[in-house]
Amino acid sequence: MRFSIFAASSLFAVLAAASSENVTVEDLFIRDNNGIQSAGLTILPANVTCSGNATQLAGYAVASCGDSVYSFAVNGSDSVYSLRIYEAKGVGFGLYGEVTDLPVNCRAGGDGQDDEVCNQVGTIEATISSG
Ligand SMILES: *[C@@H]1O[C@H](CO)[C@@H](O)[C@H](O)[C@H]1NC(C)=O
Ligand SMILES: *[C@@H]1O[C@H](CO)[C@@H](O)[C@H](O)[C@H]1NC(C)=O
Ligand SMILES: *[C@@H]1O[C@H](CO)[C@@H](O)[C@H](O)[C@H]1NC(C)=O
Ligand SMILES: *[C@@H]1O[C@H](CO)[C@@H](O)[C@H](O)[C@H]1NC(C)=O
């Protein structure tokens with residue numbers, strides 16, 4: 001009895017520990033021209049590259065990162081953006097996290113006065129978890 005309670009709680013601890021991961025984002029860019037036109041980033045340590053266009057990212061929609069288990073979403077305006085990262089772990093189960101106020105530097109993109117190209121200027125770390 002004692003043993004099975006111990007075994008059960010150990011198993012739970014393993015599952016709980018496995019349901020959170022830290023990822024780092026590099027090379028984030030966002031092109032914003034009265035709405036997000038495109039965005040891209042690399043997720044480490046998996047080293048997965050993600051990109052999406054205006055259609056794919058509209059309304060904080062989730063865009064896939066190639067054929068990987070990761071997907072992402074970008075939202076915001078006027079140099080203030082947020083990023084969501086998702087990692088599929090199995091059918092109906094995955095990890096999710098959001099980073100707000102992304103460290104970016106935006107400059108004129110050249111396609112009208114609202115066009116801006118924003119690049120990452122600081123470390124972005126996200127904890128993604130199952131809940
Ligand atoms: C994620 O990073 C936080 C500190 O930023 C740390 O407390 C936590 O243990 C890390 N989680 C994992 C799964 O490495
Ligand atoms: C990520 O993969 C690219 C090739 O796709 C490679 O050039 C780069 O060195 C890798 N970066 C890391 C941090 O592993
Ligand atoms: C966005 O990418 C999708 C998939 O590649 C493509 O079907 C769609 O036409 C693109 N939309 C724009 C606005 O470029
Ligand atoms: C997305 O960004 C817009 C503009 O910054 C903001 O008004 C809206 O609340 C954001 N949506 C979500 C779901 O955070």
Side-chain angles (χ1 to χ4, degrees):
M1 188 63 177
R2 278 173 188 277
F3 176 76
S4 60
I5 289 170
F6 174 75
S9 58
S10 304
L11 178 63
F12 178 76
V14 168
L15 290 173
S19 64
S20 175
E21 288 176 20
N22 289 335
V23 298
T24 303
V25 171
E26 283 191 344
D27 302 327
L28 171 76
F29 75 88
I30 297 165
R31 185 158 196 164
D32 182 357
N33 192 353
N34 262 328
I36 292 170
Q37 304 303 308
S38 61
L41 64 147
T42 297
I43 297 173
L44 297 174
N47 199 10
V48 163
T49 299
C50 312
S51 64
N53 65 27
T55 310
Q56 292 163 323
L57 297 170
Y60 221 169
V62 182
S64 59
C65 299
D67 294 329
S68 79
V69 293
Y70 292 92
S71 49
F72 79 112
V74 171
N75 187 48
S77 61
D78 298 327
S79 305
V80 182
Y81 302 97
S82 301
L83 169 68
R84 288 176 177 169
I85 295 175
Y86 304 80
E87 181 184 357
K89 285 295 201 180
V91 178
F93 176 66
L95 308 182
Y96 157 77
E98 180 174 45
V99 181
T100 58
D101 293 320
L102 296 169
V104 291
N105 176 51
C106 302
R107 61 188 190 284
D111 186 15
Q113 66 174 14
D114 293 323
D115 189 31
E116 291 201 310
V117 176
C118 306
N119 287 96
Q120 179 175 348
V121 291
T123 305
I124 301 174
E125 282 175 342
T127 298
I128 55 174
S129 69
S130 52

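We count ligands from 1, going down the list as the structure has it; atoms in each ligand are counted the same way.
- Pocket lining of ligand 4, defined as residues with a non-hydrogen atom under 4.0 Å away: Y60, N75, G76, S77.
- Under the 4.5 Å side-chain criterion, counting only non-hydrogen atoms from C-beta, R31 is in contact with D115.
- In terms of the salt bridge (charged side-chain N to carboxylate O under 4.0 Å, His left out) criterion, residue partners of E98 (sequence neighbours excluded) are, by chain and number, R84.
- Of the N or O atoms in N22, one or more lie within a sub-3.5 Å distance of an N or O in ligand 1.
- Using a distance-only test at 3.5 Å, with no hydrogens or angles considered, no donor-acceptor pair links the side chain of Q56 to the main chain of A54.
- Heavy-atom contacts of S20 reach the following atoms of ligand 1: 13 (C) (cutoff under 4.0 Å).
- The line from CG of L44 to OG1 of T49 is 8.5 Å long, rounded to the nearest 0.5 Å.
- Of the possible polar contacts, one joining the N33 side chain to the D111 backbone as a donor-acceptor pair under 3.5 Å is found.
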Distance-only donor-acceptor hits, side chain of residues 119-131, under 3.5 Å, sequence neighbours excluded:
| residue | atom | partner | partner atom | Å |
| --- | --- | --- | --- | --- |
| N119 | OD1 | R107 | NH1 | 2.9 |
| Q120 | OE1 | D27 | N | 3.2 |
| Q120 | OE1 | L28 | N | 3.1 |
| Q120 | NE2 | V25 | O | 2.9 |
| Q120 | NE2 | G122 | O | 2.7 |
| T127 | OG1 | N22 | OD1 | 2.7 |
| S129 | OG | G131 | O | 3.4 |
| S130 | OG | S19 | OG | 3.3 |

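- When the ring pair (Phe, Tyr, Trp, His ring centres under 6.0 Å) test is applied to Y96, the partners found at least two apart in sequence or on another chain are Y86.
- Interface atoms of ligand 2 facing N47, defined by a heavy-atom separation under 4.0 Å, are 1 (C), 2 (O), 3 (C), 8 (C), 10 (C), 11 (N), 12 (C), 14 (O).
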